[in-house]
2 protein chains.
Amino acid sequence: MADKSSKTNKVSLSQVAKAAGVSKMTASRVLRGDGGYSEKTRALVMQKVDKLGYLPNRLASVFAGDQISTFVGVSIPDLGNEIFAQVLEGIDRKLGAFGHQTVLGLTQHTPEEEENWIRTVLSWQPAGLILTGRSHAPRAIEMLRNAAIPIVEIWDLNSSPLDMSVGINHFDAGFDMGRYLVGCGYRNIAYVGTSHDTANAATTRLAGFTKAVEGGGGRVTRHLCLHDTAAYYPGFYGTEQLLASTTDVECIFYQNDAMAFGGMQYCTANGMDVPGDIGIAGWGNLPIASVMPKRLTSMHVPHLKLGQVAAEMMLARLSGEPVVNYRDIGFKLIPGSTVKNVMARG
Amino acid sequence: MADKSSKTNKVSLSQVAKAAGVSKMTASRVLRGDGGYSEKTRALVMQKVDKLGYLPNRLASVFAGDQISTFVGVSIPDLGNEIFAQVLEGIDRKLGAFGHQTVLGLTQHTPEEEENWIRTVLSWQPAGLILTGRSHAPRAIEMLRNAAIPIVEIWDLNSSPLDMSVGINHFDAGFDMGRYLVGCGYRNIAYVGTSHDTANAATTRLAGFTKAVEGGGGRVTRHLCLHDTAAYYPGFYGTEQLLASTTDVECIFYQNDAMAFGGMQYCTANGMDVPGDIGIAGWGNLPIASVMPKRLTSMHVPHLKLGQVAAEMMLARLSGEPVVNYRDIGFKLIPGSTVKNVMARG
DNA sequence: TTGAAAGCGTTACCAA
DNA sequence: TTGGTAACGCTTTCAA
């Protein structure tokens with residue numbers, strides 16, 4: 001009547017073994033395909049596995065053996081930003097194909113959230129961690145060091161990573177964009193992005209951008225929308241706010257293509273011609289760019305690939321292969337036609 | 001020289017206990033804040049925890065005690081579709097706020113992928129599962145039944161769910177859109193979406209849509225782009241293909257707003273006026289709609305809320321509260337101005 | 001080819 | 001307020 005097994009009605013290895021009339025060990029070996037058993041035994045055990053609907057308890061096996069867990073913790077700032085959704089997709093697809101599972105952490109760009117998440121996820125004994133960004137709370141860094149597991153920092157390339165790093169140099173990417181716009185003749189340039197408590201890749205990018213623009217004799221007016229994900233509408237109203245408080249802006253550089261598109265919509269809706277009256281530049285070469293009537297001036301970064309490469313580095317490390325712990329996946333400026341060469345006319 | 005502890009250099013509870021000169025049990029109680037110890041003991045133990053940098057091993061505690069795991073498995077078709085990214089964000093934020101972790105599974109809309117993922121994730125003894133969609137492989141269903149853990153099926157409302165269900169009735173939503181377009185006077189209507197091996201919510205929607213249109217004396221020409229995520233560019237080229245092979249289409253209904261936007265860009269780029277020459281209707285009321293020059297005719301579904309509600313149902317169930325196991329979160333037609341009332345002129 | 005015993009880090013249960 | 005012991009499901013190690 002009452003099942004002897006305590007609370008759960010889960011089928012355990014010993015029940016399978018008992019049903020098959022062999023020891024736990026033999027059943028265990030069969031299930032892992034370790035070898036060291038007869039074909040007859042194997043067939044018998046597998047039959048019982050099917051019959052009883054046995055599912056291994058990985059909690060127990062990882063815990064018991066020295067086995068490595070198949071969990072990989074992945075921290076992502078937010079999914080409202082399509083860039084990170086793509087990165088996550090790249091990571092999870094690759095990881096999943098190799099039998100690993102993603103434990104997600106949405107950190108909202110704050111080191112505190114990240115620290116808490118790291119503490120929790122480490123307690124699950126993950127095989128490794130993939131973290132977006134390079135700045136972490138001091139206590140997080142300490143925990144990461146102690147954990148002694150593979151760690152990949154992605155997005156903002158870190159020349160002295162905790163362990164491994166993939167991404168691009170955002171300062172350089174920002175600088176290149178700044179130089180390009182200055183080269184087009186723009187001097188009075190604005191930046192519209194979102195604002196966060198912490199320095200992140202966008203901040204670094206803006207620093208590089210500003211350096212290039214100022215170095216070229218121009219100046220950058222910043223407008224940061226508070227606490228919003230970098231999406232279409234913040235681009236729209238950020239532009240509205242910017243233009244209400246500033247005059248003579250010749251060109252706007254946005255945190256990403258979504259914001260750039262939103263901004264461009266604001267401009268055209270208000271009778272401005274792009275790039276005739278104002279130049280627009282985005283960042284990321286996102287899917288939306290593929291259907292815009294004018295090619296958006298932007299910076300291509302292979303997001304999906306970034307995720308895949310991060311996962312590959314993790315997997316290689318986990319399987320003991322040699323790994324380069326630093327990979328620049330590069331970026332490419334897309335001139336587009338939403339900015340024009342101002343020099344040409346004056 | 002050599003640390004006695006086997007392979008890992010991880011600090012265990014007994015090491016903390018030993019350092020503090022108490023038993024494992026006392027240390028354990030302190031860490032869980034169970035009560036049943038003196039303040040002096042507590043302080044001593046906590047001091048050693050800090051000093052040694054002890055992190056609990058949740059694998060062990062979930063395994064040992066009757067404790068419930070804090071993992072919740074979440075399956076999502078793909079993240080290229082902004083709708084699902086929003087749903088996932090809603091789920092993870094809510095779950096995270098209550099100390100639970102999301103184990104992600106990207107199923108690519110295939111029941112096989114889902115089945116494999118379910119098998120794996122169940123082996124980690126999750127507290128519960130949140131699954132997108134209502135159709136699952138037979139063996140998956142069997143495993144889910146045996147697992148006897150809370151399960152929330154989301155997106156396509158299931159009147160006889162495995163356990164719990166949140167979402168909307170996609171047939172009805174499709175029907176409403178069909179009725180609306182017919183009511184505007186359109187008769188020769190096309191549908192552009194992506195094609196998958198399995199029936200999914202979009203399929204159901206299309207069925208409802210078709211029924212309404214045909215019931216109103218119209219007809220639906222379908223064009224499905226193979227194996228693409230429902231994004232901007234497939235909407236663009238899907239429209240191109242459709243219009244190349246069909247004539248007299250008066251209005252196009254898309255799988256979602258992203259595709260609708262892509263399609264609209266194709267139309268305007270090719271000299272068609274929207275809605276003058278052709279009507280456009282999307283689905284989802286996605287962020288992109290907020291910056292479009294014309295309000296896009298669409299169907300609003302609260303995606304983020306959907307995710308939050310799913311997580312809330314899961315959390316309520318896990319904490320033993322009474323839960324309604326079926327929740328229709330509703331949808332709302334957005335008339336917009338990318339379709340027009342054709343009746344008016346004829 | 002097979003099995004018995006010990007142990008992984010923690011908690012439940014009972015005793016002191 | 002504390003501690004000892006057993007147990008969770010599995011694997012490692014060693015012996016048969």
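Any value given below was found using the heavy atoms of this structure, including those in side chains, with hydrogens, waters and symmetry copies removed. Below, read A as the first sequence line, B as the second, and so on, with proteins coming before strands; counting in each chain starts at 1.
- Inspection of the A:T70 and A:R58 side chains reveals an N or O donor paired with an N or O acceptor under 3.5 Å.
- Rounded to whole Å, the distance from CG on B:L31 to P on D:dT2 is 14 Å.
- Among D:dT2, C:dG3, D:dC10, the nucleotide with an atom closest to any side-chain atom of A:K24 is D:dC10.
- Atoms CG (B:D34) and P (C:dT10) sit 15 Å apart, rounded to a whole Å.
- Between the P atom of C:dT11 and the CZ atom of B:R58 lies a distance of 9 Å, rounded to the nearest Å.
- Among the nucleotides D:dT13, C:dT10, D:dT1, the one closest to the side chain of A:M25 is D:dT13.
- Along DNA chain C, the nucleotide nearest A:V22 and the nucleotide nearest B:N57 are compared for position; the residue whose nucleotide lies closer to the 5' end is A:V22.
- Put simply, A:S38 has a side-chain N or O that comes within less than 4.0 Å of OP1 or OP2 on C:dT2.
- A straight line from CZ of B:R32 to C1' of C:dA12 spans 9 Å, rounded to a whole angstrom.
- Salt-bridge check for A:E39 with A:R42: passed, with a basic side-chain N closer than 4.0 Å to an acidic carboxylate O.
- In the set D:dT2, C:dT10, C:dT11, D:dT2 carries the atom at the smallest distance from any side-chain atom of B:T41.
- Across C:dT10, D:dT1, D:dC10, the shortest atom-to-atom separation from the side chain of A:L13 is found for D:dC10.
- To the nearest angstrom, P of D:dG9 lies 10 Å from OH of A:Y54.
- Here B:S28 reaches the OP1 or OP2 of C:dT11: one of its side-chain N or O atoms lies under 4.0 Å away.
- Residues B:T110 and B:Q108 bring no donor and acceptor atom of their side chains to less than 3.5 Å of each other.
- Separating the NZ atom of A:K18 from the P atom of C:dG3 is a distance of 14 Å, rounded to the nearest angstrom.
- Each of A:G36 and B:R29 lies near DNA chain C, and the nucleotide nearest A:G36 is the one positioned closer to the 5' end.
- Between B:I68 atom CD1 and C:dA12 atom P there is a gap of 13 Å when expressed in whole angstrom units.
- Following rounding to the nearest Å, B:R42 (CZ) and D:dT1 (P) show an atom-to-atom distance of 13 Å.
- No donor-acceptor pair under 3.5 Å is formed between the side chain of B:T107 and the backbone N or O of B:E114.
- Nucleic acid contact for B:F63: base, since at least one base atom lies under 4.0 Å from a heavy atom of the residue.
- Ring planes of A:F71 and B:F71: tilted class, angle from 30 to 60°.
- Of the listed nucleotides (D:dT11, C:dT2, C:dT10), C:dT10 has the atom at the smallest distance from the side chain of B:A64.
- Contacts of A:V62 with the nucleic acid, taken as non-hydrogen atoms under 4.0 Å apart, are absent.
- Listed pair A:T26 / C:dG3 meets the phosphate criterion, a side-chain N or O lying under 4.0 Å from OP1 or OP2.
- Both B:G35 and B:A60 lie near DNA chain D, and the one whose nearest nucleotide falls closer to the 5' end is B:G35.
- The shortest distance between the side-chain N/O atoms of B:S61 and the OP1/OP2 oxygens of C:dT10 is not below 4.0 Å.
- Checked by atom type and distance alone, the side chain of B:E153 never pairs as donor or acceptor with a backbone atom of B:P161 at under 3.5 Å.
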